[in-house]
Amino acid sequence: MFDAEILKLTVSLREALDRVHIPYPQEIQWNPTPFRGRWGVGTAIAFQAAALEGKEADVQMRAQEIAELAAREIDSPAAFELVQAEKAYINAYFDIPKYAARVVDTVLQQKEDFGRGAPKGERVMVEYAQPNTHHSFHIGHARNTVLGESLARLVEFAGFETVRASYPGDIGLGVITCVWAYQKFHYGQEPEGVHERGQWLARIYHEASTLVTPKEDETREERELREQYDAERREMFRLWDSKDPEIRELWLKTREWSLDELYDILGMLGAEIDVYFFESEMDEPAKEIVEELIALGIAEDERPSGPVFVKIDEKLGLDRDKYRTSVLLRQDGTTLYSAKDLALAKRKFDTYDVDRSVYVVDVRQSLHFDQVFKILELWGFEQAKKSHHLSYGFVTLPGGMMSSRMGNVVLFMDVVAEAQRRVLDIIAEKNPSLSEDERAVVARQVGLGALNYALISVDNTKEIVFDWDKALSFEGQSAPYIQNAHVRANSILRKSEGVPDEASFDYELLEMESELIERISQFPEVVQRAATEYKPLHMSNYAFELARTFHAFYHAVPVLRSEEREARIRLTAAAKQTLANSLRLLDVEAPDRM
RNA sequence: GCGCCCGUAGCUCAGCUUGGAUAGAGCGUCGGACUUCUAAUCCGGAUGUCGCAGGUUCGAGUCCUGCCGGGCGCGCCA
């Protein structure tokens, strides 16, 4: 937020070093100083300058000399009250009274837009929320959705035009297996309630999977029955493929039950999807595309004695196995996932005109996306280079992998219900004055927030072993901790009877005050970093740090009964706003009371 | 066999993209702080061969190479 000031500082430093004839590298990098209660930036340029002089000289000592020389010589820009050499670093400290007011004024003026980046003139599509239909939404899907939604909010706020896309897997042998079992064993049944019905369908899927999975020591009768069932579901898939009206209708009806549940959950998570692509819709375009790739000589066609595939490594001229071979069509000409993803990518590029395409999909599909991007490149799509697979590790159970097919999943709705129960218990104990209505709202905000934060505050590359107590932690590094900072700020503001229109920070600030101001001022940079690196984790870390700083401020600095009441009320309001903006980007709501 | 990811405090994890100031949090543990803006909080203590070995560098948790351990994946599942 002080780019201009820091640029001036860089220019001044360069001039100073030139005057004393010290060579230095082109790039001068400034980072926040690590000292508590002092607000400034520092650079390690003196080390590099000392090293440039070469020789066997003691770089450490020479660096300190250079830093001192530079600090003495520099014509310090107005923004900084002091430039000094410390441990061979050149540190510049902000003129706090002036810049504290500027930070706070900016936040209070821009409000929910504080931190928003300038328009970048690029369109990003974020694809997430791709659960299979006819299954149930479990905690692993929640990781995907929360990660995707947070990323979408970040890139949008950072200044990209953003399109949210969902790509439900609504067809495949698994889906058909469920439809088959519904028709054979449960036809005409339909439980009440969106989630009850969705979960019931998922149980049918699990039952059906068990029926068609070979058991150990099965008897001949069991085997024959299983093989008969397997043949029936495959026949149903064939009928689906040939657009049999009865099967299609059955499939659409049950699909809708799953989608109803998905829409409801996306609503709870505040994910407003702009475009739904369905896997089933990619089937026909995929076939056309494969023909084109064959004609272009990119894909090889061995039908009917073999499949259609692309030997990617060979096409790229690699002599090692890296991207391997991607099979696009089965021997019988039916499409595979790879072909459908090519069709989807083409539609994104052509119809939606996206410059960057991000796929939030679990890590098992890393090779698949590497292959898709490379084939798109071979095909001539420039955007393929700006396509990114944001992969994430699975959410597993202490006992191992979750699997809808095996029926051992932790359902998202169950976790949400438990989270809300736990929050209500804590409210009963800590804040009994809340009304019934408020309690219900707060339970949802805090319960869901805790869960979302737990899923987002671990690096996406890492596996999460689901643990109820960890996922629903309300203390320490957690959403409730951050929400509570917001509540405390709000509580002060409620009692302050308004926020003064302006206030001067022309007094000796306490350590925690300047620290809080510095932290707030970092928010816009964190937005940019999280968005351009596709890493919501940066924001979750920042939000926690900001909350921690605020809690410390809250304890150490009296606001309402102090000489500096006006300024501190404004600072509190700025902190509250920045906390709210941070939480929003993490897909966590910011309650006013809890 | 090949490819990708992970290995940091008792446990769970930040920090690695852009090498630099005593390696940070949370949980747990020990000790303190509620007549004072909500204690879902704060303050302080203890706890580290940053998987191992080399290399590059004035400087490596961070970059490079090899190895070890774990996970995932590798032509007709998605």
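Chain identifiers are assigned alphabetically (A, B, ...) following the order of the sequence lines, protein sequences preceding nucleic acid strands; residue numbering begins at 1 within each chain.
In the model, His389(A) has no side-chain atom that pairs as donor or acceptor with a side-chain atom of Gln365(A) under 3.5 Å. Using modelled atom types, one finds no donor on one side chain facing an acceptor on the other under 3.5 Å when comparing Thr33(A) with Asn91(A). For the residue pair Gln64(A) / Gln60(A), no side-chain donor-acceptor distance below 3.5 Å is found, with atom types taken as modelled. Inspection of the Arg405(A) and His206(A) side chains reveals no N or O donor paired with an N or O acceptor under 3.5 Å. Side chains of Thr133(A) and Arg255(A): no donor on one and acceptor on the other come within 3.5 Å.
Nucleotide A21(B) holds its C1' atom 10 Å from the OH atom of Tyr93(A), rounded to whole Å. Taking atom NE2 on His555(A) and atom C1' on C34(B), their separation rounds to 9 Å, with Å as the unit. Between the P atom of G75(B) and the NZ atom of Lys315(A) lies a distance of 19 Å, rounded to the nearest Å. As a whole-Å value, the separation of Asn541(A) CG from G26(B) C1' is 11 Å. Atom CG in Asp313(A) sits about 15 Å away from atom P in C74(B), given to the nearest Å. Rounding to whole angstrom units, CG of residue Leu455(A) and P of U12(B) are separated by 18 Å. Following rounding to the nearest Å, Glu511(A) (CD) and C43(B) (C1') show an atom-to-atom distance of 13 Å. Following rounding to the nearest Å, Glu314(A) (CD) and G75(B) (C1') show an atom-to-atom distance of 13 Å.
Residues Ile90(A) and Ile426(A) each lie close to RNA chain B; by heavy-atom proximity, the contact nearer the 5' end of the strand is made by Ile90(A). The residue among Gln477(A) and Asn31(A) whose nearest nucleotide of RNA chain B is located toward the 5' end is Asn31(A).
Looking at heavy atoms from C-beta onward, Tyr323(A) lies out of side-chain contact with Lys315(A) at the 4.5 angstrom threshold.
Comparing C63(B) with C16(B), their P atoms sit 9 Å apart, to the nearest whole Å. A21(B) and A40(B) have their C1' atoms separated by 35 Å, given to the nearest Å. Between U29(B) and C67(B), the two C1' atoms lie 37 Å apart (nearest whole Å). One C1' atom belongs to C30(B), the other to U49(B), and the distance between them is 26 Å to the nearest Å. When the P atom is used for both A14(B) and C5(B), the distance is 16 Å, rounded to whole Å. Comparing C6(B) with C50(B), their C1' atoms are spaced 14 Å from each other, to the whole Å. The same atom, C1', is picked in C43(B) and in C4(B); the two are 45 Å apart, to the nearest Å. Going from the P atom of U8(B) to that of U12(B) covers 8 Å, rounded to whole Å.
Heavy atoms of Gln365(A) sit under 4.0 angstrom from at least one base atom. In this structure, Val361(A) reaches neither bases nor backbone, as no heavy-atom distance under 4.0 Å exists between it and the strands shown. Across all strands, Glu533(A) comes closer than 4.0 Å to base atoms (heavy-atom distances). Tyr554(A) comes within contact range of at least one nucleobase, with a heavy-atom separation under 4.0 Å. Base engagement by Leu560(A) is indicated by at least one non-hydrogen atom pair under 4.0 Å involving a base atom. Nucleic acid contact class of Arg320(A) (heavy atoms, under 4.0 Å, all strands): sugar-phosphate only. Contacts of Phe544(A) with the nucleic acid, taken as non-hydrogen atoms under 4.0 Å apart, involve only primed sugar atoms and P, OP1 or OP2. Residue Ile427(A) is in base contact, counting any heavy-atom pair closer than 4.0 Å across all strands shown. Among the atoms of the strands shown, none is found under 4.0 Å from any heavy atom of Val465(A). Nucleic acid contact for Val310(A): none, since no nucleic acid atom lies under 4.0 Å from a heavy atom of the residue. In this structure, Tyr481(A) reaches the sugar-phosphate backbone alone: every heavy-atom distance under 4.0 Å involves primed, P, OP1 or OP2 atoms, never a base. Among the protein residues, Asn431(A) comes within range of the nucleic acid bases, having at least one heavy atom under 4.0 Å from a base atom. Across all strands, Val458(A) comes closer than 4.0 Å only to sugar-phosphate atoms, never to a base (heavy-atom distances). Looking at heavy-atom distances under 4.0 Å, Asp170(A) makes no contact with the nucleic acid at all.
Ring to ring, Tyr534(A) and His388(A) are close: their centroids are under 6.0 angstrom apart.
Side-chain N/O atoms of Lys322(A) include one lying less than 4.0 angstrom from OP1 or OP2 on C4(B). Note on Tyr359(A): every side-chain N or O is 4.0 Å or more away from OP1 and OP2 of A78(B). For the OP1/OP2 pair of A39(B) and a distance below 4.0 Å, the side-chain nitrogens and oxygens of Arg488(A) include at least one atom meeting the criterion. Phosphate contact (OP1/OP2 of C42(B), side-chain N/O of Arg548(A), threshold under 4.0 Å): absent. Distances shorter than 4.0 Å separate none of the side-chain N or O atoms of Arg561(A) from OP1 or OP2 on U36(B). One finds no side-chain N or O of Lys495(A) lying less than 4.0 angstrom from the OP1 or OP2 phosphate oxygen of C37(B). Phosphate contact (OP1/OP2 of U22(B), side-chain N/O of Lys87(A), threshold under 4.0 Å): present.
The base of C74(B) sits with one of its N or O atoms less than 3.5 Å from a complementary donor or acceptor on the side chain of Arg324(A). The base of A78(B) does not come close enough to the side chain of Asp341(A) for any donor and acceptor atom to sit less than 3.5 Å apart.
Using a 4.0 Å cut-off between a side-chain N of Lys or Arg and a carboxylate O of Asp or Glu, Glu291(A) and Lys287(A) do not qualify as a salt bridge. A salt bridge links Asp362(A) with Arg364(A): the distance from a Lys NZ or Arg NE/NH1/NH2 to an Asp or Glu carboxylate oxygen falls below 4.0 Å.
Between the CG atom in Leu151(A) and the CG atom in Leu147(A) there is a gap of 7.0 Å [rounded to 0.5 Å]. In this structure, Tyr453(A) OH and Ser473(A) OG are separated by 10.5 Å, a value rounded to the nearest 0.5 Å. Rounded to the nearest 0.5 angstrom, Ile482(A) CD1 and Leu579(A) CG are separated by 8.0 Å.
With Asp313(A) contributing its side chain and Arg324(A) its backbone, the two residues share a donor-acceptor pair below 3.5 Å.
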Legend entry - Base-pairing string, 5' to 3', of RNA chain B - Watson-Crick or wobble, under 3.5 Å, | interstrand: (((((((..((((......[...)))).(((((.......))))).....(((((..]....))))))))))))....

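Side-chain proximity of Glu475(A) to A14(B), A21(B), A40(B): nearest is A40(B). Nearest to the side chain of Val327(A), among G15(B), C76(B), A21(B), sits C76(B). When each of G71(B), C42(B), A78(B) is scored by its nearest atom to the side-chain atoms of Glu463(A), the top-ranked nucleotide is G71(B).
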Could I get a table of every N or O pair under 3.5 Å where one atom is in the protein and the other is in nucleotides 6-8 of chain B?
from, atom 1, to, atom 2, distance (Å)
G7(B), OP1, Lys462(A), NZ, 3.3

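A cation-pi contact, defined as under 6.0 Å to the ring centre and within 45° of the axis, is absent between Arg143(A) and Phe466(A).
Glycosidic conformation at G55(B) (O4'-C1'-N9-C4 for purines, O4'-C1'-N1-C2 for pyrimidines): anti, more than 90° from 0.
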